[in-house]
Every structure is written in structure tokens, then in C-alpha cells.
Novice: 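Provided herewith is a single structure, encoded as C-alpha cells, for subsequent inquiry.
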2 protein chains.
Amino acid sequence: MKTTFGEYIRYLRTKNELTLTQLAAKLDLDSANLSKIENGIRDFDEKRLPKLSRIFGIKLKKVREEYITDQIGKKIYETNCSKQLLRIAEEKAEYRKLLNRKEKAL
Amino acid sequence: MKTTFGEYIRYLRTKNELTLTQLAAKLDLDSANLSKIENGIRDFDEKRLPKLSRIFGIKLKKVREEYITDQIGKKIYETNCSKQLLRIAEEKAEYRKLLNRKEKAL
DNA sequence: TTTGACTTGTCAATTTTTGACAAAAATATT
DNA sequence: AATATTTTTGTCAAAAATTGACAAGTCAAA
């Protein structure tokens, strides 16, 4: 899905006919803050992904994928990173992996 | 260049035959912290990009590109985001742009 | 072994993010 | 329309993360 993570949560919540207050309670969160999260004003705390996963019966892996694609998408958006530069960023990520392997090889 | 931003700074610094202390002074920074930045232990503060640009006579745009590709590359690396997921992240960035346009249209 | 360059550890200060509450606004119910 | 419920917004202190600064360390060259 190409929506924000906030919209994703809202989708799950309404599909399951929960109010903000109800879901917020399950997530151990204030409903006001959940509202902000759904509206993209605040970030969802990564620590709560497992809870979200359990509440809606969605594999953690899937939820985490929604999350990290949102995070990176947000960063791309915020930095106004072109597709061209994104390729370079990708290469730099590869480079970091390489570095990491070298470090471990010590 | 597909290096980390820290390595980029180190490259510029050594090419210009500056010591950590010298460059740190120009950047209004402690040499110990600059060392950490070059070694990837700490982040370079975005606020200092203009200074960096001036010191080495490199266009701010170019320096900023080095910076954001590093930032995003780092995020891709840290989240272990596959190329496949990165495509989705890209789409989500596009989606955010769309949202933004809609908001402005109000 | 002294000097200069760099690295590492620590901690307080600053900045950013978060949680919580109150109150307003919007929506639904009667 | 009046009331109840849900959602949104604003604010602020608490918590967390980042940064700046200093001290002490290593390392290499002279």
C-alpha cells in the first residue's frame, strides 16, 4: 500500500470498527496522540509495532515493512531526494554493508 | 562518491592538508567530535553544511547532496531495506508529494 | 621520550520527541 | 435541537536522543 503509516493504522482501525480511544488503549497510548499519529503529525513509536501486529493479527514482518517504507519514504520526501540521488543513496547503503563485513572480519 | 559523509569530510580535510583541530576550529567544533564524525560515530549537524561548503569552496548543493544521500543510505542500511521495499518507499514519497499538493490546494 | 595528531570515554547542556491532560471541534444519536 | 460520542488541537512537563566540551588515552614520527 502506498499510504502513510498513519493512514495505514487508520485503515486497520476503522476496518475493525474501533474508536481511537479503544485502539489507543490496546496500544497503551493516549487517544489524542493516536489521532496525531494517524494524521501524520506525530510518529508511531517503533517499539509498538509488535502490539500493532498482535492487535490486528498481521505478521510483524509485514507491519515492519509498512513501517520502514514509510520512514524512508518520509525521509525521501523531506529531503527532496531525486530518483537519481536515491540510486546513490542505495549504493552508499551497499557500501555500509561492505564496511560492516570488513569490521566483523577483524 | 559512495563513501560515508564522515569519510567525505576526512577526504576533503586531508586533501587540503588540515589537521582535525584546524578544521574543527573552522567548523566551530571540538576536534574530538570531528574525529567521531569522520569515523561515523556521530552525525554531522546539517546546520554546518554551509560552513563546510565555504571552507572547501564546494557548492552548497553538492555538499547537501553528499549529505542527504548519506542520510538516506544510512537509513536504508539500518533498516535493512531491500531494493524491492525501497521502490515502495519511493512510491510513498511520491504519495506524500501528492498529499502536500492537495493540502496547498485548499 | 617528547611532540603533535587523532581517538575514546564521560557527562552536562541542549534539543527533540513523547505522554498526558484539557478543551475545542466535528460527528453521530436520540 | 440537545446530548453524547468521537476526533482534533493546543500546551506542557517528562523522557529520550543528540550535542558540546573536557580529560585522558593511543599512536606515530622526530
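Below, read A as the first sequence line, B as the second, and so on, with proteins coming before strands; counting in each chain starts at 1.
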Novice: What is the distance, rounded to the nearest whole Å, between atom CG of Leu20(A) and atom C1' of dA28(C)?
Specialist: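 Whole-Å distance recorded here is 15 Å.
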Novice: Less than 4.0 angstrom between a side-chain N/O of Arg10(B) and OP1 or OP2 of dA5(C), yes or no?
Specialist: no
Novice: In this structure, how many angstroms lie between the C1' atom of dT7(C) and the CD1 atom of Ile41(B), rounded?
Specialist: 8 Å
Novice: Look at Arg48(A) and dT18(C) and indicate whether a side-chain polar atom (N or O) is within less than 4.0 Å of OP1 or OP2.
Specialist: no
Novice: In whole angstrom, what separates Leu34(B)'s CG from dC22(D)'s P?
Specialist: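 About 16 Å, once rounded to whole Å.
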Novice: What's Asp45(A) touching, base or sugar-phosphate or nothing? Going by heavy atoms closer than 4.0 Å.
Specialist: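 No contact at all - Asp45(A) keeps every heavy atom at 4.0 Å or more from the nucleic acid.
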Novice: Scan Ser35(B) against the nucleic acid and name what it touches under 4.0 Å (heavy atoms): base, sugar-phosphate only, or nothing.
Specialist: base
Novice: Please tell me which of the listed nucleotides, dT7(D), dC6(C), dA20(C), lies nearest to the side chain of Ser31(A)?
Specialist: dT7(D)
Novice: Could you give the CG-to-P distance, from Asn39(A) to dT9(D), as a whole number of Å?
Specialist: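 Rounded to whole Å, this separation is 6 Å.
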Novice: Using whole Å, report how far CG of Leu23(B) lies from P of dA5(C).
Specialist: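 After rounding, the gap between these two atoms is 14 Å.
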Novice: Return the value, rounded to whole Å, for the distance between atom CD1 of Ile37(A) and atom P of dT7(D).
Specialist: 14 Å
Novice: Between the side chains of Tyr8(A) and Glu38(A), is a donor N or O closer than 3.5 angstrom to an acceptor N or O?
Specialist: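 Note: Tyr8(A) and Glu38(A) side chains miss the donor-acceptor criterion.
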Novice: For Arg42(B) and Lys47(B), find the nucleotide of DNA chain C closest to each by heavy atoms; which residue's nucleotide sits nearer the 5' end?
Specialist: Arg42(B)
Novice: Distance check needed: dA16(D) C1' versus Asp43(A) CG, whole Å only.
Specialist: 14 Å
Novice: Locate the shortest heavy-atom distance separating Arg10(B) from Asn39(B); write the atom from each residue and the value.
Specialist: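 Reported closest heavy-atom pair: NH1-OD1, 3.8 Å.
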Novice: Expressed as a whole number of angstroms, how long is the span from Lys36(B):NZ to dC22(D):P?
Specialist: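 Result: 13 Å.
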Novice: Tyr95(B) and Glu7(A): side-chain donor and acceptor closer than 3.5 Å?
Specialist: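 Note: Tyr95(B) and Glu7(A) side chains meet the donor-acceptor criterion.
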Novice: Mind listing the closest non-hydrogen atom pair of Asp43(A) and Gln71(A) along with its distance?
Specialist: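 For Asp43(A) and Gln71(A), the tightest heavy-atom pair comes out as OD2-NE2, 3.7 Å.
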Novice: Does any N or O in the side chain of Thr79(B) come within less than 3.5 Å of the main-chain N or O of Lys75(B), such that one atom is a donor and the other an acceptor?
Specialist: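 Yes, Thr79(B) side chain to Lys75(B) backbone: donor-acceptor pair under 3.5 Å.
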